[in-house]
Each structure stands twice: as C-alpha cells, then as structure tokens.
Peer 1: 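Questions regarding the structure given below will be posed in turn.
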Amino acid sequence: MDAIKTEVYNILESAIHAAVTAGELAISEVPTIPFSPTKTPEHGDIATPIALGLAKQARMAPRNIAEIIHEHIDADTLKRIESNTHPIIHKIEIAGAGFINIHLSDNYLYDTLQTITEMQSAYGTCDKGAGKPVQIEFVSANPTGPLNIVSGRAAAVGDTLVNLLNAVGYKAIREFYVNDAGGQVQRLGESIDVRYRQALGEEALEIPEGGYQGEYIREFAETIVETESDTHLQLKTDERVALFRDKGIAHILAQQKASLERFGVNFDVWSSEKAIRESGKLEEIIQLFQEKEYLYEAEDATWFRMTDFGDDKDCVVIRRDGEYTYFVPDAAYHRDKFDRGFTTVIDFLGPDHQGHISRLKNFVKALGMPDDWLEISIIQQVNLVDAEGNRLDMSKRRGQFYTLDTLIDELAETVGEQFAVDVARYFFLMRANSSHLDFNMELAITHASENPVFYIQYAHARCCSIFEQGAEQGITPKPIEAVSLKQLTEPIEHELIRKLAEFPSIVLLSAEAREAHRIPHYLHELAGIFHPYYNQHRVLDPANIEKMHARLTLVQCVQSVLKNGLTLLGISAPTSM
RNA sequence: GCGCCUAUAGCUCAAUUGGAUAGAGCAACGGACUUCUAAUCCGUAGGUUGCAGGUUCGACUCCUGCUAGGCGUACCA
C-alpha cells in the first residue's frame with residue numbers, strides 16, 4: 001500500500017510541477033499532497049483535496065486546478081490508465097468541489113492480501129518511530145487502597161498506547177510511579193494504627209482527618225494482630241505509625257500489582273517517590289531554582305515564582321514545617337526521566353489532577369526541558385451504570401468504592417475470567433480519553449452481537465472455524481502464490497480488502513495521536529463487514545475450488561488483522577466461542 | 001471569580017485532525033436457522049452537531065461571546 005501511495009503521490013506531484021512549468025498554475029511552492037481513504041467506493045480508493053488547498057494561492061477555482069493537474073499527468077501514464085494497462089491506477093476522476101479521486105486497479109487489492117500474508121503478525125507495524133525511547137507513566141495510584149475503575153481505564157489505555165507506539169517503531173516503556181512518601185502514606189500508617197489498636201480493644205479512637213476509612217484497612221490491621229499480636233504496642237506511636245505505613249505500602253502495592261497483572265498489564269518500571277527523595281535530587285533542584293532566582297521566602301515558607309510562567313499564582317515548594325510539597329519530588333522525578341534519555345514522556349493522570357498539568361509543565365520548563373518533551377493527558381472519569389442506568393459513586397476516602405477487582409469479579413461471574421478482562425479492557429478503550437465513560441454493566445455481560453467485544457471475537461472465531469471445518473473435509477489452504485485472487489469478484493470482498501488495507505494507517509494514526517479508541521472502532525467496522533460476508537457467501541465450496549482458495553486466503557487475512565488488532569488492545573482472540 | 005474538559009439521533013458514543021451525502025451500537029418495529037457457529041444476518045426509522053456571531057472555496061472540527069454539566073483552583077498527593 002505504501003509503495004502504491006508513493007507512486008500515486010509522485011505522479012500527482014510531477015503533474016503539478018509540470019503545470020507550474022507550463023505556466024498554467026501560479027503557485028510558488030508545491031505543498032505536501034494529502035491523501036485520505038474514501039468513504040464510499042464511488043469516490044475511488046484514495047482521494048486528495050489538493051486542488052482545494054491550492055485554490056487561494058493559485059487564485060483559481062478548485063475544479064479548474066484539478067483539471068489542470070489531471071491534464072499535466074505524464075502522457076505515458078495517462079495513456080496506460082486509459083487503455084487499462086497501468087499497473088496500479090485504474091481511473092482518475094475529478095469530482096465534487098475539486099477532489100481528485102483515484103481508483104486503484106485490482107492489483108492494489110491483491111497487493112494488500114500479499115502484504116498481510118507475508119507480514120502476518122507484523123502487519124500493521126512500521127518503523128516510523130525510528131527506535132526513539134518513549135516513556136509512558138500511567139495509573140500511578142497512591143499505595144493507600146485498591147485500584148479503582150478509573151485506574152483500570154488508565155491501565156488499559158496506557159498499556160495499549162505502549163503497544164501502539166512499539167508497533168510503529170518507538171521503544172516505549174510502561175512506568176508506574178509509587179507515591180510511597182509524603183502525607184498520604186503517613187495518613188495510611190495512622191489509619192492502620194487506629195484499626196490495629198481498636199482490634200486490640202482500645203476504644204474512643206477515630207480515623208484521623210484525611211485518613212482512610214476503608215474496610216480493607218481494618219482487615220489488614222486484624223491480619224497484623226493475628227500474626228504479630230500486640231507486640232507493636234510497645235513502640236512509640238510515631239514509630240508504630242511508621243512501621244504500619246511501610247507494612248501498609250508493601251501490602252497495598254502488592255495488591256495493586258496483582259490486580260494489574262490479572263488485568264494483563266505489566267509495568268516495565270516501578271519508580272519510587274521515596275527513592276527519588278533519598279537520592280538527593282530534590283536538593284539539587286531546589287538549588288537550581290535558587291540559582292535561577294525562581295524562589296523566594298514568604299510567610300516562613302519557600303515559594304516558586306509560578307506567575308513568571310504564566311500561572312495565576314505562585315506555589316509553595318517548601319512548607320513552613322520544612323517539608324517539600326509534592327511539586328518538588330514530582331519535578332525531580334521528571335528530571336530523572338529526562339536524564340534517562342526519553343525523547344518523549346507521556347503522563348496519564350486522573351480527572352482530579354487537572355490543576356496539575358500546567359504547573360508540572362512549568363516546572364519542567366523551569367528545569368530547561370523542551371516544551372513538547374512532556375505530554376500530559378487526563379483520562380476522564382468512569383461511571384458504572386447499572387441495569388436501571390443509575391450511576392455508582394466512587395470515593396476512596398469514604399471507604400465505599402468499586403474496585404477494578406470487584407468489576408472483573410462481577411463480570412467473570414457471568415462470562416468467565418478471560419472474557420471479563422477482555423470486556424473490561426475493550427469498554428475502557430472504546431472511548432476517547434477526554435470523554436467521560438459510562439460503563440454499561442448489562443451490556444458488558446451480554447453474549448450477543450450488541451456486545452462489541454463478542455462481535456469482534458466471534459468474527460475471529462468464525463474465521464478459525466472455517467479452517468477447522470475445512471481441515472475436517474481435507475481442505476488445506478494453498479500458499480498465496482498458488483491462489484487466483486482474481487476470483488474475489490464480489491463487491492463485499494473488495495470492501496473487506498479495502499478495510500484490511502486501512503489497518504496500518506489506523507495503527508499509526510492512533511499511536512501518534514495517542515488515541516487508542518480508534519482500534520476498537522476499526523475492529524468493529526472490520527467485523528461488521530466480515531459477518532455479512534460470511535452470511536452471504538460460502539467459503540468452503542468444493543464445487544468451485546479456485547474461488548474457495550481465493551476466499552480462504554481472504555479469510556486468513558481477515559483473521560490476521562483481527563488478531564493483530566485485538567493483540568494491540570490486550571484482548572484475546574479466541575479460536576472458538 | 002479564574003482555568004481545564006464536555007455538549008452530535010430517544011440513550012451511549014464516532015467522525016482519518018478543516019473536506020464530498022455527519023456515521024456505529026443500544027433501545028423500537030418487521031423478517032431470515034436443512035448452511036463454514038443465529039454470540040450472526042437482512043430491512044425500517046431516527047439530526048437546525050447546545051445557542052449566537054466570526055474566519056474561508058468548505059466548519060461537528062478553528063476564533064469570540066453566551067448557556068448547561070463535570071473537574072480543578074491547598075503550606076494534601
């Protein structure tokens with residue numbers, strides 16, 4: 001496809017140059033010619049609005065420009081197109097406001113099948129990223145409680161984006177930043193301490209302000225009592241809180257890791273805030289800021305001149321009590337990312353971190369990193385919608401929340417563990433990151449076509465089933481060289497192949513725009529062509545051997561693309577359902 | 001008050017980043033299993049893209065101003 005596109009590009013580009021040389025087109029510079037796949041076959045296979053784009057510069061009507069470009073296409077090429085002997089172009093038409101529509105010859109379709117067959121699981125990949133190292137930080141939930149479903153969404157999105165970036169040639173890694181230092185984990189230690197002492201009979205104790213009320217804290221404290229009894233009561237309170245804090249972090253972190261693993265997300269790097277703090281990097285940064293005169297003292301605290309960077313207020317970096325605010329370890333952490341050599345860093349944050357974006361970017365700028373080095377985007381909230389359409393509220397602090405594990409447990413009850421993960425991942429991925437997501441629990445467990453996950457997986461299973469059935473009848477697919485692809489004459493077969501041909505550009509687009517949701521949509525569309533095809537046309541037909549083999553090749557390609565797409569999403573491609 | 005996000009079919013969302021006639025799925029209605037899996041397919045219907053302007057050959061997309069909702073705006077992370 002790429003080679004074909006390039007050839008078409010070159011033909012049009014030289015036509016434009018020729019028109020300019022002939023003095024018929026008054027433009028100073030030939031811009032890049034944009035191509036897009038067409039929405040309807042009437043518009044050919046690919047189209048370009050280049051004539052519309054040149055209209056202003058050339059001071060001519062777009063349609064005229066299109067005509068002129070067409071007339072200046074190399075004479076030999078034109079002759080071959082007209083006589084139907086051109087290897088790739090079947091027809092060039094001017095339509096609408098001045099679109100140049102290119103109808104490709106069937107060779108293009110065969111070429112697509114050839115490419116898929118050759119590349120197999122690599123179909124869809126490319127080396128656009130040129131091996132550039134990219135780091136994606138996501139989830140990064142505080143180690144103070146189980147992962148909620150927003151973290152689940154972030155996990156699915158981040159994981160998939162890493163897959164996508166790697167598919168298009170970057171070297172992307174998954175990183176989880178553990179906030180194992182600071183006020184939140186201190187509160188965790190205090191909360192566990194309260195539950196511990198309560199379990200040992202102390203009364204009149206309350207979870208401190210900002211502490212964690214969750215039942216899991218009580219359970220964990222009771223476990224400590226069971227295994228270690230009351231020995232910790234001998235410690236001073238702050239020592240005991242520190243001990244429980246560390247125990248709690250380790251315990252909850254292990255739980256979070258287990259949940260993520262269950263969800264099919266495996267991080268490459270786990271970074272620790274505590275380690276960053278102990279590395280001395282915070283002091284380096286403070287010193288750097290001091291040298292650059294970004295800091296000043298006021299009200300017994302140290303402030304950063306955020307207003308110099310366009311923010312509406314300055315912010316505290318060292319509190320009155322001498323503690324750093326979270327900005328400092330965060331800035332140090334990002335400096336550390338930079339030092340590790342990533343050319344691009346992407347942070348996915350939760351919806352409650354909106355205020356964070358501009359400040360973090362400003363700190364990064366203050367540290368001298370390029371503006372576009374850090375990309376931050378918010379993964380919007382998730383609402384679980386029950387049968388009645390009611391939304392369940394989630395709050396970690398109030399102690400009642402819907403965890404990622406609960407969600408998968410609940411789904412697994414009806415559809416089994418593997419599909420539970422598949423369905424959850426798909427639902428988390430099918431919306432743009434910036435969109436709020438309504439997770440329809442009822443739809444998720446439906447075993448029918450209205451459930452998009454099953455719809456796509458079923459298409460894959462059907463492909464597999466054809467080969468299985470074929471094998472029973474002693475039919476072995478032939479290698480593509482031995483297949484007459486000309487037998488694929490049905491319009492729906494061409495439509496299917498055109499859709500298959502789109503896959504690599506969808507992958508690339510989705511990776512570069514960081515929009516994972518395009519893959520689920522694409523796969524759904526592909527399945528949406530395959531199912532009708534399957535229904536209308538029989539593949540295994542021993543009465544028509546040549547056609548059968550051509551169709552088997554096509555089905556193999558559909559199967560590959562479905563599988564490759566699902567794999568990018570971390571969703572299984574079942575061979576039977 | 002200020003900042004970010006969102007507003008598209010009855011519902012949940014897309015729209016190749018400014019291109020041709022705005023598309024899917026649910027929900028509704030009618031039909032198809034002697035067939036490679038009916039977890040499927042075929043058909044019907046659904047729209048002033050929140051409102052008002054602007055930019056241009058062309059706007060769901062960009063700019064301005066409104067309206068409504070969500071989130072943020074800590075010496076918490």
Side-chain angles (χ1 to χ4, degrees), chain A residues 34-40 42-43 47-49 51-53 55-56 61-63 95-99 101 140 142 144 179 181-187 210 273 299-303 311-313 315-321 323-327 329-330 350-358 378 380-381 385 389 430-432 434-440 442-443 446-452 454-455 457-459 461-463 465-470 472-473 475 502 505-506 509-510 513 515 517-518 521-522 524-525 528 531-541 551 555 576-577:
Chain A
F35 281 112
S36 56
T38 56
K39 284 178 188 164
T40 147
E42 287 167 40
H43 295 152
T48 173
L52 290 81
K56 193 170 192 178
R63 251 198 112 96
F99 288 91
N101 293 337
S140 295
N142 285 337
T144 53
N179 296 113
Q184 306 276 346
V185 289
Q186 188 62 27
R187 238 61 52 77
E273 177 181 349
E299 300 167 52
D300 299 328
T302 304
W303 296 71
D311 210 302
D312 56 356
K313 54 186 82 151
C315 64
V316 170
V317 287
I318 302 176
R319 300 189 322 220
R320 192 175 300 145
D321 62 6
E323 287 289 319
Y324 295 112
T325 59
Y326 69 98
F327 299 120
D330 252 26
D352 51 339
H353 285 68
Q354 233 122 230
H356 216 70
I357 300 177
S358 62
I378 298 285
Q380 274 298 347
Q381 67 187 67
V385 182
M430 70 180 169
R431 301 292 174 232
S434 59
S435 291
H436 292 208
L437 171 71
D438 273 12
F439 196 112
N440 186 331
E442 271 205 313
L443 181 58
T446 307
H447 279 251
S449 62
E450 53 263 39
N451 187 332
F454 289 112
Y455 188 76
Q457 290 183 321
Y458 187 43
R462 273 186 154 170
C463 292
S465 166
I466 291 171
F467 294 113
E468 202 175 311
Q469 200 71 35
E472 280 174 27
Q473 296 171 29
I475 298 164
E502 273 180 43
S505 59
I506 298 280
L509 178 74
S510 231
E515 289 177 346
H517 71 280
R518 288 172 188 279
H521 282 275
Y522 169 82
H524 196 258
E525 283 166 13
H531 282 305
Y533 174 59
Y534 178 94
N535 251 268
Q536 289 159 24
H537 302 285
R538 204 179 159 79
V539 175
L540 294 176
D541 179 11
R551 286 181 171 172
V555 172
S576 71
M577 287 174 77

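By convention in this document, chain letters (A, B, ...) are assigned in the order of the sequence lines, proteins followed by strands, and residues within each chain are numbered from 1.
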Peer 1: Using purine N1 to pyrimidine N3 plus N6-O4 or O6-N4 for Watson-Crick, or N1-O2 and O6-N3 for G-U wobble, both under 3.5 Å, which nucleotide pairs with B/C51?
Peer 2: B/G65
Peer 1: Which value, rounded to the nearest 0.5 Å, describes the distance between A/Thr302 atom OG1 and A/Arg320 atom CZ?
Peer 2: 12.0 Å
Peer 1: Identify which nucleotide among B/A38, B/A20, B/C75 has an atom closest to any side-chain atom of A/Arg462, counting heavy atoms from C-beta outward.
Peer 2: B/A38
Peer 1: Compare the ring of A/Phe99 with the six-membered ring in the base of B/A20 and state whether they stack (centres under 5.5 Å, planes under 30°).
Peer 2: yes
Peer 1: Look at A/Lys39 and B/A22 and indicate whether a side-chain polar atom (N or O) is within less than 4.0 Å of OP1 or OP2.
Peer 2: no
Peer 1: Please confirm whether the shortest side-chain N or O distance from A/Arg63 to OP1 or OP2 of B/G58 is below 4.0 Å.
Peer 2: no
Peer 1: What contact category does A/Tyr534 fall into here, base, sugar-phosphate, or nothing, at under 4.0 angstrom with non-hydrogen atoms?
Peer 2: base
Peer 1: Below 4.0 angstrom from OP1 or OP2 of B/A14, is there any side-chain N or O of A/Ser435?
Peer 2: yes
Peer 1: Does B/C36 have OP1 or OP2 under 4.0 Å away from a side-chain N or O of A/Tyr533?
Peer 2: no
Peer 1: Using a 4.0 Å heavy-atom cut-off, does A/Gly53 contact any base of the nucleic acid, only the sugar-phosphate backbone, or nothing at all?
Peer 2: base
Peer 1: When all nucleic acid strands are considered with a 4.0 Å heavy-atom cut-off, which category describes A/Ala301: base, sugar-phosphate, or nothing?
Peer 2: base
Peer 1: Rounded to the nearest 0.5 Å, what separation is found between the CZ atom of A/Phe99 and the NE2 atom of A/His43?
Peer 2: 8.0 Å
Peer 1: Record whether the side chain of A/Asn535 comes under 3.5 Å of the base of B/A32 through a donor-acceptor pair of N or O atoms.
Peer 2: no
Peer 1: Reckon A/Ala461 touches a base, only the sugar-phosphate, or nothing at all at heavy-atom distances under 4.0 Å?
Peer 2: base
Peer 1: Applying the Watson-Crick and G-U wobble criteria at under 3.5 Å, what pairs with B/C4? Answer none if nothing qualifies.
Peer 2: B/G70
Peer 1: Looking for any heavy atom pair under 4.0 Å, which part of the strands does A/Pro62 touch: base, sugar-phosphate only, or nothing?
Peer 2: nothing
Peer 1: Under a 3.5 Å distance rule, please check whether A/Thr38 uses its side chain to pair with a backbone N or O of A/Ala47 as donor and acceptor.
Peer 2: no
Peer 1: Quick check on B/G25: is either OP1 or OP2 less than 4.0 Å from any side-chain nitrogen or oxygen of A/His521?
Peer 2: no
Peer 1: Under 4.0 Å between a side-chain N or O of A/Ser434 and OP1 or OP2 of B/U6?
Peer 2: yes
Peer 1: With rounding to the nearest 0.5 Å, note down the distance linking CZ in A/Arg319 to OG1 in A/Thr325.
Peer 2: 8.0 Å
Peer 1: I want to check one thing: is the phosphate of B/A77, taken as OP1 and OP2, less than 4.0 Å away from some side-chain N or O of A/Arg187?
Peer 2: no
Peer 1: Between the base of B/A20 and the ring of A/His43 - centre-to-centre under 5.5 Å, planes within under 30° - is that a stack?
Peer 2: yes
Peer 1: Name the nucleic acid region contacted by A/Asp311, choosing base, sugar-phosphate or nothing; use a 4.0 angstrom heavy-atom cut-off, strictly under.
Peer 2: nothing
Peer 1: Donor-acceptor pair under 3.5 Å: do we get one between A/Gln469's side chain and the base of B/C36?
Peer 2: no
Peer 1: Look at the side chain of A/Gln184 and the base of B/C76, then say whether one donor and one acceptor between them are separated by less than 3.5 Å.
Peer 2: yes
Peer 1: Would you call the rings of A/His521 and A/His517 parallel, tilted or perpendicular, taking 30° and 60° as the class edges?
Peer 2: perpendicular
